[in-house]
Protein chains: 2
Amino acid sequence: MKLSTKGHYGVKAMFDLAQHYGEGPIPLKSVAERQDLSEHYLEQLIAGLRKAGLVKSVRGAQGGYTLAKEPADIRVGDIIRVLEGPIAPVDCVNQEDPDCCDKAEFCITRGVWEKVRDSITGVLDGITLADMVEDFEKAKQVNNFYMYYI
Amino acid sequence: MKLSTKGHYGVKAMFDLAQHYGEGPIPLKSVAERQDLSEHYLEQLIAGLRKAGLVKSVRGAQGGYTLAKEPADIRVGDIIRVLEGPIAPVDCVNQEDPDCCDKAEFCITRGVWEKVRDSITGVLDGITLADMVEDFEKAKQVNNFYMYYI
DNA sequence: TTTAATCCCAAGCAAAATGCTAGGTATTTT
DNA sequence: AAAATACCTAGCATTTTGCTTGGGATTAAA
């Protein structure tokens, strides 16, 4: 039940872009430095996010990435689905391929995985990048502006 | 966010033992046949469950496995934790190793993973083997006793 | 007392996934 | 022209997965 680094790092990067939303294109190098990630590896992850329409890129000097939508319109679940594939603890409850389990209607253990899937989906689709930025701002105040962020 | 076959098969096997609870030791061979799993592979999984005190074994002919507790006292989460390790989408929210993330108190993305972890834990610890057997019996009636079970 | 059924144990192993790195090319601003 | 960026492809060591193989130990039943 682990997320790979793809989803983990991808959410970090998207959170970073959300923090700088409205500041024009953010070079990946700066994201990688702030979030302490390999720039080259991050490139591969963000390529998927770009193809999925979650970020836009500007090439050339002074270029970089921006969110393609407002932070409030990007859910963590959207990011995870791009980077990790469908949210499904086992393949037989993959909503994007409903016919993959031929004994589905008779399977009892399946009910468990459906509940797990729905609960994960609920959490991940219930949190937007705007929510995360808001939480960050609140935490900043509590911690009196002495903050690291990861 | 996938379960490995260990957790998947392990829950199937434990559900099978729950269905036969009170019938004396159930040989693994029959479990493997009913659940369509490799017997040898299942052996490895159930070895862990035995060491964790979830099943008891009886050696020799007419031997087999039984649940070590009543089905109502074994939660799916107990099985998953034995076979898959701690429930934590990323290592930094592993409850069994709280100090693994040194920047924990400042990390915003961490809040997301904690919510995911808690929601998964809630589902898995909210379902016992007795619940599953009960669901199965209900489904059997609805389907007029023509049932496969997996 | 033999035989069969069962649990138990250790090793091996191919295939896939993971988590990168390396080394470029294309594009744009300065 | 130079620098800064995005973009692309390949490679690759390590780990994990999902088993299989080949036994040995224990016990009930014939």
Side-chain angles (χ1 to χ4, degrees), chain A residues 1-13 16-17 20 23-33 35-68 80 83-86 88-91, chain B residues 1-13 16-17 20 23-52 54-68 80 83-86 89-92:
Chain A
M1 294 296 283
K2 288 277 184 295
L3 213 60
S4 74
T5 56
K6 285 179 199 163
H8 192 178
Y9 296 176
V11 171
K12 284 187 182 198
D16 193 285
L17 291 181
H20 297 92
E23 299 177 15
I26 310 296
L28 210 52
K29 189 180 181 190
S30 69
V31 175
E33 275 168 7
Q35 305 297 328
D36 193 24
L37 304 171
S38 146
E39 187 188 345
H40 255 319
Y41 190 42
L42 206 45
E43 265 181 357
Q44 296 174 31
L45 306 185
I46 210 155
L49 296 168
R50 185 175 51 81
K51 283 165 194 157
L54 294 181
V55 299
K56 284 185 292 193
S57 64
V58 178
R59 301 184 69 167
Q62 309 306 114
Y65 291 91
T66 54
L67 298 183
I80 296 297
L83 295 173
E84 301 270 340
V90 299
D91 285 331
Chain B
M1 293 297 284
K2 289 277 181 297
L3 213 62
S4 74
T5 56
K6 286 178 199 160
H8 193 178
Y9 295 177
V11 171
K12 284 188 182 199
D16 193 286
L17 291 181
H20 298 92
E23 299 175 15
I26 310 295
L28 210 52
K29 189 181 181 190
S30 69
V31 175
E33 276 168 7
R34 277 191 297 267
Q35 305 297 328
D36 194 25
L37 303 172
S38 146
E39 187 187 346
H40 255 316
Y41 188 42
L42 206 46
E43 263 181 358
Q44 295 174 34
L45 307 185
I46 210 156
L49 295 168
R50 184 176 52 81
K51 282 164 195 160
L54 294 181
V55 300
K56 285 185 292 194
S57 65
V58 178
R59 300 185 68 167
Q62 310 305 113
Y65 292 92
T66 53
L67 298 183
I80 295 296
L83 295 173
E84 301 271 340
V90 299
D91 285 332
C92 65

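Hydrogens, waters and symmetry mates play no part in the numbers below; they use all other heavy atoms, side chains included. Here is the naming used below: chain letters follow the sequence lines, and residue numbers restart at 1 for every chain.
- For B:E39, the side-chain contact (heavy atoms from CB on, under 4.5 Å) partners at least two apart in sequence or on another chain are B:K29, B:A32.
- Atom CG of A:L37 is separated from atom P of C:dC20 by 9 Å (rounded to the nearest Å).
- For A:S4, the side chain to side chain donor-acceptor pair (under 3.5 Å) test picks out A:E84, with sequence neighbours left out.
- For the pair A:L45 CG and C:dT21 P, the computed distance is 12 Å after rounding to whole Å.
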TODO: List the protein contact pattern of nucleotides 3-18 of chain C with one symbol per nucleotide (5' to 3'): B for base contact, S for sugar-phosphate-only contact, - for none; contact means a heavy-atom distance under 4.0 Å.
DONE: --BBBBB-B-------

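- For the pair A:K2 NZ and D:dT15 C1', the computed distance is 15 Å after rounding to whole Å.
- For A:S38, there are no side chain to side chain donor-acceptor pair (under 3.5 Å) partners at least two apart in sequence or on another chain.
- The side-chain hydrogen bond (donor to acceptor under 3.5 Å, both in side chains) pairs that include a residue from residues 40-58 of chain A are A:T5-A:Y41, A:H40-A:E43, where partners are two or more places apart or lie in different chains.
- With sequence neighbours excluded, the residues forming a side-chain contact (heavy atoms from CB on, under 4.5 Å) with B:V90 are A:L3, A:H8, B:C92, B:V93, B:W113, listed by chain and number.
- Separating the CG atom of A:L49 from the C1' atom of D:dC7 is a distance of 15 Å, rounded to the nearest angstrom.
- Residues B:K6 and B:L45 come closest through the heavy atom pair CG-CD2, 3.5 Å.
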